[in-house]
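Take a look at the structure set out below.
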Amino acid sequence: MIRFDMEIFTTSMPRWQDALCAEVDPEIFFPIKGSAQSQAFRAKSICRKCPVIDKCLSYAVKHTDLEGIWGATTPREREIIRSRVRRIA
């Protein structure tokens, strides 16, 4: 399960040199129709092993204009996180 820490919201961009996504084809993190579900599953499995997943997810939640898989979430999943955070705040 992904730990979501509200304090990370204020951090700067994750250290991409430490990210596992930097070691694979970036296209996998931007699923396209036809293979989107399997591509997203593969991308999320890479994210879940990544040492910067928490910072990546927080960055993606904070920046609403990002497409693709970030912090093991889709844009829709990040919108759900944002709406839950708004309800709590």
Side-chain angles (χ1 to χ4, degrees):
M1 187 159 139
I2 299 170
R3 183 180 63 82
F4 188 71
D5 185 348
M6 289 298 295
E7 289 182 24
I8 297 175
F9 259 119
T10 60
T11 62
S12 60
M13 185 177 275
R15 292 174 35 107
W16 300 125
Q17 66 269 28
D18 297 335
L20 294 179
C21 61
E23 300 173 13
V24 297
D25 181 359
E27 293 296 317
I28 192 170
F29 297 95
F30 299 92
I32 54 173
K33 290 184 180 184
S35 63
Q37 191 172 20
S38 64
Q39 215 175 339
F41 179 82
R42 185 168 170 225
K44 287 178 176 188
S45 68
I46 293 168
C47 291
R48 287 186 188 105
K49 298 172 190 168
C50 186
V52 298
I53 187 172
D54 293 337
K55 289 185 179 187
C56 183
L57 175 58
S58 293
Y59 181 85
V61 169
K62 184 177 177 183
H63 296 85
T64 60
D65 60 335
L66 298 177
E67 294 294 325
I69 307 297
W70 286 72
T73 61
T74 64
R76 178 69 186 127
E77 292 165 336
R78 292 190 298 273
E79 182 53 42
I80 292 169
I81 293 169
R82 286 184 204 100
S83 68
R84 289 180 180 167
V85 168
R86 283 191 295 266
R87 279 187 282 176
I88 294 170

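Both backbone and side-chain heavy atoms feed into the values below; hydrogens, waters and symmetry mates do not. In this chain, numbering begins with 1 at the start of the sequence shown.
No option in I53, V61, I80, L57 other than L57 meets the side chain to side chain contact (heavy atoms under 4.5 Å, CB included) test with T73.
Taking E79 as the reference, R82, R86 meet the salt bridge (charged side-chain N to carboxylate O under 4.0 Å, His left out) condition, with sequence neighbours excluded. Annotation: side chain to side chain donor-acceptor pair (under 3.5 Å) contacts of Q39 (sequence neighbours excluded): S35.
Note that CZ of R76 and CD1 of I81 are 11.0 Å apart. Values are rounded to the nearest 0.5 Å. A distance of 12.0 Å separates SG of C47 from CZ of R42, quoted to the nearest 0.5 Å.
Contact detail for T74 and E77: the closest heavy-atom pair is N-OE1, 2.7 Å. Of all heavy-atom pairs between C50 and A19, the closest is SG-CA, 3.6 Å. Between R48 and A72, the closest heavy-atom pair is CG-CB, 4.1 Å.
Hydrophobic cluster membership for F30: L20, V24, I28, F29, I46, I69 (Ile, Leu, Val, Met, Phe, Trp, Tyr linked by side-chain heavy atoms under 4.5 Å, directly or transitively).
The backbone N or O of L66 sits less than 3.5 Å from a side-chain atom of R78, completing a donor-acceptor pair.
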Margin query: Before you tell me yes or no, could you show the steps for R87 and S83 under side-chain contact (heavy atoms from CB on, under 4.5 Å), namely the whole-Å CA-CA distance, both residues' side-chain angles and the distance that decides it to 0.1 Å?
Written below: CA-CA 6 Å; R87 279 187 282 176; S83 68; 4.2 Å; yes
